[in-house]
There are 2 protein chains.
Amino acid sequence: MRADAQRNRERLIEAAREVFREQGYDASLDEVAKRAGVGAGTLYRHFPSRDVLMDAIMQSWVDRVNDAADKVLVREGDARGLLLEWFETYVGLVSVHKGGPAKITSAMGDDSSPIATKCQTLTAATARVVERLEAEHALKEHIEPVQLNRLVGGVAAVADNADLDRAAVRPMLEVIADGVLA
Amino acid sequence: MRADAQRNRERLIEAAREVFREQGYDASLDEVAKRAGVGAGTLYRHFPSRDVLMDAIMQSWVDRVNDAADKVLVREGDARGLLLEWFETYVGLVSVHKGGPAKITSAMGDDSSPIATKCQTLTAATARVVERLEAEHALKEHIEPVQLNRLVGGVAAVADNADLDRAAVRPMLEVIADGVLA
DNA sequence: CAATATACGGAGACAGTCTCCGTTTGGCAA
DNA sequence: TTGCCAAACGGAGACTGTCTCCGTATATTG
C-alpha cells in the first residue's frame, strides 16, 4: 500500500472512532471523511460500507475482550458471581457506542457478516467462561455460547436503546444467570 | 374532523400497514403517501412522525394482545408451559414487522414514547400472567412485568435482526423461564 | 349560495449515501 | 535525478428519503 493511502486509512479510523463515540452508529460518513481531512471517495474506497469501517475501529477492542475474560476467570468458586461478572463485562464491551449492542448481537452466528471475526472473539471468550462452569458442574445443562451471547446481547441492546442504567440491567442479567445455572 | 380528512387518514393507515409489512419499519414514508394516493404534506399533517403512524397502525393490534393473554391463561397448572407459551405469543405479537421488536422493547417503560399506550397494553397482559404464576407460588421471586418484557423483547429483537427461526428462539426463552420460575 | 375554516398537494430545501472521473502523487527504473 | 504511470485522491453531483411551506381546493355552515 502506498504511504499516503496508509496514512489516510489511519486518519479515517481515528476520525470514525471519534465521530461514532460522539454521535453513535448512525453518524454521517461524510462527516467522518471531513473530520479526517479526506474526500468522501477516499473513505468509500478504503471502507466500502459502514460495517467494514466499524470492523476496523474495533481492532484494538479484540484484545480487551480476551483480557476481560482472563480477569473474570481468575475468580474461584462462586459460579453465579463469576457468571454475572462476565455478563456485566460483556455488556460493557459490546456497548462501545450507541447502536453497537444491536449490531453486534444480530451478527452473532452469521459468518458472512463484516464483523464476524469480532463476534467469534466474543463467542470464544464466552465459551471459556462456559467451559469453566461446566467443569464445575455449575450449569443446568449445556448451553451454546452463541445463544448465551444472544441473550445477554439482547439485554445490552435494550439497555442501549432505552438508556437504562447498570442498576436496571442487573436484575435482567440475574434472570439469565439463574436460568442457566444448576 | 372533515370527511375528506377522515378518509385520507384511513387510507394512509391502510397503506402504511401494507408498506411496513412488505418493507419493514424503515420503509420510505413518501412511498406510503404515494401508495395512499395523497401528497406527502397530508401524511405529515396527520402523522408528524414515523412513530405516531406506527401507533395508529397498531390500533387493532391491542385487542389481539388481550385475546392472546386470555387464551394462554385458560391453561391449568404447568407453570413452565404456560410461561413459555406466553413468551412465544409475546414474541409473535411484537414481531409485527421488521424492526418492530426493537422499537417496542426500547419504548418499554418510557411513558413519553409515542407508542407508550401499546407498551402499557403489553405490560398489562404480561402482568396478568405474572400475577397468575405468583398466586400459584410458581415464581422464584417477584419480577416486574416490564423487566420480563424487556428480556423477552430483547430475544425477539435479536431474532428479528438475525432472522432466527422459532426453533432457535425457543431455548433462549427457556433460559428466561427457568430464570424466573421457582 | 356565499364565506370561511379546514385540508390538500407537491415542489423544493435539506441531509445523507455513494459513484465517477479528472487530477495529483508516491515510488521505481533508467 | 528524472520521467513515467499505476495508485490514490478529492469533491462535484446523482440519487434517495425526510419534512415544510404555501398556493389551491373543498367541506361545512348559516
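Throughout, protein chains are lettered first and strands after them, A, B, ... in sequence-line order, and every chain is numbered starting at 1. Quantities reported herein were computed from a predicted structural model and do not represent experimental measurements.
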Starting the side chain at C-beta, find the nucleotide from [options] nearest to [X].
X     : options                : result
A/M1  : C/dG9, D/dA8, D/dG10   : D/dA8
B/A40 : C/dG10, D/dG10, C/dC18 : C/dG10
B/A3  : D/dT28, D/dT18, D/dC9  : D/dT28

Is [X] close enough to [N] that one of its side-chain N or O atoms is under 4.0 Å from OP1 or OP2 there?
X     : N      : result
B/S28 : D/dT18 : yes
B/H46 : C/dA7  : no
A/T42 : D/dA8  : no
A/R2  : C/dG27 : no
A/N8  : D/dC9  : yes

Legend entry - Side chain proximity check, A/R9 to A/F47, heavy atoms < 4.5 angstrom: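 Result yes, sub-4.5 Å side-chain heavy-atom pair found.
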Legend entry - Min side-chain heavy-atom separation A/W86-A/V152 under 4.5 Å: no
Legend entry - Matching residue for B/K118 among B/D110, B/D51, B/D55, B/D63 - test: salt bridge (charged side-chain N to carboxylate O under 4.0 Å, His left out): B/D55
Can you tell me how far [atom2] of [N] sits from [atom1] of [X], to the nearest Å?
X     : N      : atom1 : atom2 : value
A/R9  : D/dC9  : CZ    : P     : 11 Å
A/L12 : D/dA8  : CG    : C1'   : 13 Å
B/Y44 : C/dG10 : OH    : P     : 15 Å
A/D30 : D/dG11 : CG    : P     : 12 Å
A/K34 : C/dG16 : NZ    : P     : 9 Å
B/R45 : D/dA25 : CZ    : C1'   : 12 Å
B/R11 : C/dC8  : CZ    : C1'   : 12 Å
B/Y25 : D/dT18 : OH    : P     : 11 Å

Inset, instruction - Give the C-alpha distance, both sets of side-chain angles, the deciding distance and a yes or no for side chain to side chain contact (heavy atoms under 4.5 Å, CB included) between A/L164 and B/R150. - result: CA-CA 11 Å; A/L164 302 183; B/R150 283 187 179 136; 3.5 Å; yes
Legend entry - Residue mapping more 5' on DNA chain D - nearest nucleotide basis, B/G41 or A/Q6: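 Its nearest nucleotide lies further toward 5', so the answer is A/Q6.
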Inset, instruction - Considering non-hydrogen atoms only, spot the tightest contact between B/F20 and B/Y25 and give its length. - result: CE2-O, 3.8 Å
Legend entry - A/S49 vs B/D4, nearer the 5' end of DNA chain C by closest nucleotide: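 Looking at the nearest nucleotide for each, B/D4 comes out on the 5' side.
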